[in-house]
Amino acid sequence: MNKFFKHGSIRRRVSFQIIFLLTLALTANLLAMLYLVREQALNSTQTMLENRAQVLQEKIEQHLQYLLENSNLLSSNQLMINALTDSEGRERYLPSLVSNFQKGKDVLSINVLDYAGNAIYQTLSSLPQYNDSSELRQALAYRKMAYHLRKGDHNIEVISPIEYYATTQGAVVVVFDLAAIVNRHLGKDEASYIRLLSKGGEIYQHNFNSALNYVTYTHHNISQDTLFNQLNIKLEIGLPVSVFNSQVRQAILPLMVLGILFIIAGAYFALRAGSRIVNPILELNSRVEASKKNRNIFCSPIGTDDELEDLAKAFDERTLELQHQAEHDSLTELPNRVLFLDRLQQAIKLSQRSKKKLAVLFIDLDRFKEVNDSFGHDTGDALLQVVSDNIVKTLRASDSIARLGGDEFAVLLDHIEHEADIAFVLEKILQIFGEPFNLHHRQIYTTCSIGVAIFPDNGNNAEELLRNADAAMYKAKDEGRNNYQFYTKDMTHLAYERLMLENNLRIAIRNNEFKLFYQAQTDMRSNRLIGAECLVRWHRENEGIIPPDKFIGLAEETGLIIAIDRWVLEEALAQYQRWIKEGLNVGVISVNLSAIQLTQKDFIPFVEQAVKRHDIAPNKLMFEVTETAIMRSPEQAMEILNKLKQLGFGLGLDDFGTGLSSLSYLKKLPVDKIKIDQSFIRDIPHDEEDMNLTKTIIAMANNLNLKVIAEGVETEEQIAFLTDNSCYEAQGYYYHKPCDAIEMHSILSGEDRRIAPLQ
């Protein structure tokens, strides 16, 4: 039973809920029936009390009428009339007359009075002062019988005038015992009580106990001409509540027993009904659980041929859909990493039996992020779809391809006889990227880097092969991209170093491990400072300064360069403001702008807020950007650069001569200055070709009305050559190496004599 009704089971919940609802309904019906029975019993009791009150009132009324008539007959008796005038007759006949009248009539006293109210005969030793009675005077005056309830004892006093020859000679006053009259007509019911009320007070009660509660009825249906109404008497009758409840209990006990039997029977049938409802659901649940362990088990059919059957079919359809979604990429519909690793593991088992090799290709699109940043994610998604379709076409039917995520694909080549077979496939894949992809009315150029790992030479399981192919892919990127590399053991170490470097770089951003250095820029004619370039350095505890060429490239690939660049700008502006407050003239301060910043929509607002926050004039800040960064996304780069120019910032073209820009683009760029790359300056004056190229660059800049500055200046010969060819600004070790803010303070304040500070 515990297993059948285990805690939290649907069988328990459904069965108990049905039992609860059925019990609630039956209980409500039972209570309603009990209520109706009680109301019916109450109505019956009220009707019974009403009937009894009516009968009792009529009997008492009839008895009182009889007494009144007899009182009237007594007063009109000739002997009674003679008694008023004949004292002998009064003594002889009146006692026997009164005695006969009293028999069976519940008389307490009879008094015969003369017209003045004086007693001429009395049955009591003491006689009330009738001459003070207003009722007596009215009866004598109007010669009409009067009756009323006496004060004090509440008995009925009847005054009947004695007339002789149409004149009132006196009156007979009869006092009737009210209690005796009522008691004469009471039944044998000892449970109920009777009360007579007059003017709010009790004048008679039988069997009434104020400590008990009663079901009460007060008889009001009395006509105006009745004695009860004339005497202002109300009849109240009641039955003790305990007696009433006892009668009710006797009536409802069978109903309660019957109701409990119905509830027990209902609970039993509810359990059976709940089981019939739940059993198909439990069967469906067991099949769902079984399908989790075995994909070949389906939920339908369960044989109900109803909505539950439809639900089972929907489960199967949804399961297949979820399995497909769990194992396939939603964009390209290729298998994902999970399914690829499963297939790879199965292929490894087959290769172990067949003694054949297999290869895993790890393919990564080069600079795919720039496509997303430049043309939008829709174009990037379309590119991934086209690339995946084209790669599929180059593979055999037995090969597998998967999208691992982002712009990464993996290919499984099984039954490899020779490594030349792998190279053939690799060349076919690289040929796909030899032509531009036509997407959204644009021609998109992109390449890919491929890493190759071979089983069993480069790994014994799926994860290891994929990881080593990934390491080989990074080697292909380091070799200039758009090529493939086979895995070697050294690549694992390089991949590990790259992973650790990325992790450490993220920690460095979070822990603010960067430091800003400054390299002076000088007018070679006067050796006077004209500005400084801000250079970021990474200072790791226990490792010292890490040069930018070790981490800037990785930061750009991972997007971390955004946070670094913005930290540089904030720190540079803050330091610039501190120098201004110290009265130092820095000139124009330059910061480098990475390619990825040229695609950020919030870059311009960020720069505006930073300059405003630090209160720096825009013409005191120059952004340096490389040709390569601009050419990655020319249209977006031009838009950002033009906005910076409109805001008043200076723009410099860094590393000029090493990029891919054309003269047509150069004249469109809103730059103010060209920086000649140090690779051209390094061998002056010993390399004639570098000297000619440098002259050409300077002449071109002058013709375009652009300032020109040379970086990497280290000798006096280089200074002489540059100034002779109209290049007057320089940056290099001859004047100063990059230094921290403290050393730069010495330069700005004139303490360092190699460079004259600005005034």
Side-chain angles (χ1 to χ4, degrees), residues 295 323 326-329 332-366 387-388 390-433 447-479 481-500:
R295 297 180 181 178
Q323 287 178 356
E327 296 175 344
H328 290 78
D329 172 53
T332 62
E333 290 298 321
L334 294 176
N336 60 13
R337 179 185 290 271
V338 175
L339 183 56
F340 181 79
L341 288 174
D342 181 67
R343 290 182 178 179
L344 179 55
Q345 195 61 45
Q346 297 301 321
I348 290 173
K349 293 179 181 179
L350 293 175
S351 295
Q352 289 172 337
R353 289 196 292 266
S354 63
K355 306 300 181 183
K356 295 289 183 71
K357 293 185 177 182
L358 60 83
V360 175
L361 314 183
F362 198 106
I363 305 172
D364 185 87
L365 303 189
D366 298 327
V387 167
S388 65
N390 289 342
I391 295 177
V392 170
K393 293 176 184 178
T394 66
L395 303 177
R396 301 169 298 178
S398 59
D399 299 330
S400 296
I401 179 175
R403 182 187 177 206
L404 304 182
D407 59 340
E408 297 175 342
F409 297 87
V411 174
L412 168 61
L413 306 176
D414 58 359
H415 299 94
I416 300 297
E417 297 287 347
H418 306 284
E419 290 191 6
D421 298 336
I422 304 174
F424 177 74
V425 176
L426 292 170
E427 291 295 339
K428 288 174 64 177
I429 294 175
L430 290 177
Q431 287 176 9
I432 295 173
F433 298 89
T447 57
C448 73
S449 301
I450 308 175
V452 184
I454 300 174
F455 173 82
D457 303 341
N458 306 135
N460 295 319
N461 58 64
E463 288 285 356
E464 186 178 6
L465 284 171
L466 192 61
R467 184 171 59 251
N468 292 340
D470 188 13
M473 182 273 295
Y474 278 110
K475 176 63 176 175
K477 286 191 177 292
D478 292 340
E479 293 295 327
R481 296 180 172 85
N482 195 28
N483 69 94
Y484 58 84
Q485 294 290 325
F486 284 82
Y487 173 78
T488 63
K489 290 185 178 181
D490 292 340
M491 293 179 183
T492 301
H493 179 68
L494 293 175
Y496 176 76
E497 285 187 343
R498 176 186 174 85
L499 179 62
M500 291 304 297

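The first residue in the sequence is number 1, and the count goes up from there.
Note on residues 404-416: pairs passing salt bridge (charged side-chain N to carboxylate O under 4.0 Å, His left out), not counting sequence neighbours, are Arg396-Asp414.
The two residues Ala359 and Ile422 make their nearest non-hydrogen contact at CB-CD1, 3.6 Å. Across Ala472 and Val452, no two heavy atoms sit closer than the pair CB-N, 3.7 Å. Residues Asn458 and Asn468 share a closest heavy-atom pair of O-ND2, 2.5 Å. The minimum heavy-atom distance linking Ile450 with Ala476 is given by the pair O-CB, 3.7 Å.
A donor-acceptor pair under 3.5 Å is formed between the side chain of Asn336 and the backbone N or O of Leu339. When atom types are taken as modelled, the side chain of Arg337 and the backbone of Phe340 share no donor-acceptor pair closer than 3.5 angstrom.
Remark: Glu333 pairs with His324 by the side-chain contact (heavy atoms from CB on, under 4.5 Å) rule, at least two apart or across chains. By the side-chain contact (heavy atoms from CB on, under 4.5 Å) test, Thr394 is found to be paired with Ile391, Lys428, Ile429, Ile432, residues two or more places apart in sequence or in another chain being considered. Residues passing the side-chain contact (heavy atoms from CB on, under 4.5 Å) test with Val392 are Leu334, Ile401, sequence neighbours excluded. Taking the side chain to side chain donor-acceptor pair (under 3.5 Å) definition, one finds that Asp457 meets it with Lys357, sequence neighbours left out. For Lys356, the salt bridge (Lys or Arg N to Asp or Glu O under 4.0 Å) partners at least two apart in sequence or on another chain are Glu417. The side chain to side chain donor-acceptor pair (under 3.5 Å) search around Ser388 returns none, not counting sequence neighbours. A search for side chain to side chain donor-acceptor pair (under 3.5 Å) contacts involving Gln346 returns nothing, not counting sequence neighbours. Legend: residues meeting salt bridge (Lys or Arg N to Asp or Glu O under 4.0 Å) with Glu479, ordered by chain and number and at least two apart, are Lys475. Asn460 meets the side chain to side chain donor-acceptor pair (under 3.5 Å) test with no other residue; sequence neighbours excluded. Residues meeting the salt bridge (Lys or Arg N to Asp or Glu O under 4.0 Å) test with Lys477, sequence neighbours left out: Asp364, Asp366.
Residues Ile363 and Val387 have side chains not in contact (no heavy-atom distance under 4.5 Å, counting atoms from C-beta outward). Contact of the Val360 side chain with the Leu344 side chain is registered, since non-hydrogen atoms from C-beta on lie closer than 4.5 Å.
The structure places CG of Leu404 at 5.5 Å from CG of Leu466, a figure rounded to the nearest 0.5 Å. In this structure, Leu358 CG and Gln352 CD are separated by 9.5 Å, a value rounded to the nearest 0.5 Å. Residue Arg481 holds its CZ atom at 12.0 Å from SG of Cys448, rounded to the nearest 0.5 Å. Note that the CG atom of Leu430 and the CG atom of Asn483 stand 7.5 Å from one another [nearest 0.5 Å]. In this structure, CZ in Phe433 is found 5.0 Å from CG in Leu365, a value given to the nearest 0.5 Å. Rounding to the nearest 0.5 angstrom, the gap separating the CZ atom in Phe362 from the OH atom in Tyr474 is 7.0 Å.
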- [ ] Take Val425 and Leu413, measure what side-chain contact (heavy atoms from CB on, under 4.5 Å) needs, and give me the verdict at the end.
- [x] CA-CA 9 Å; Val425 176; Leu413 306 176; 4.1 Å; yes
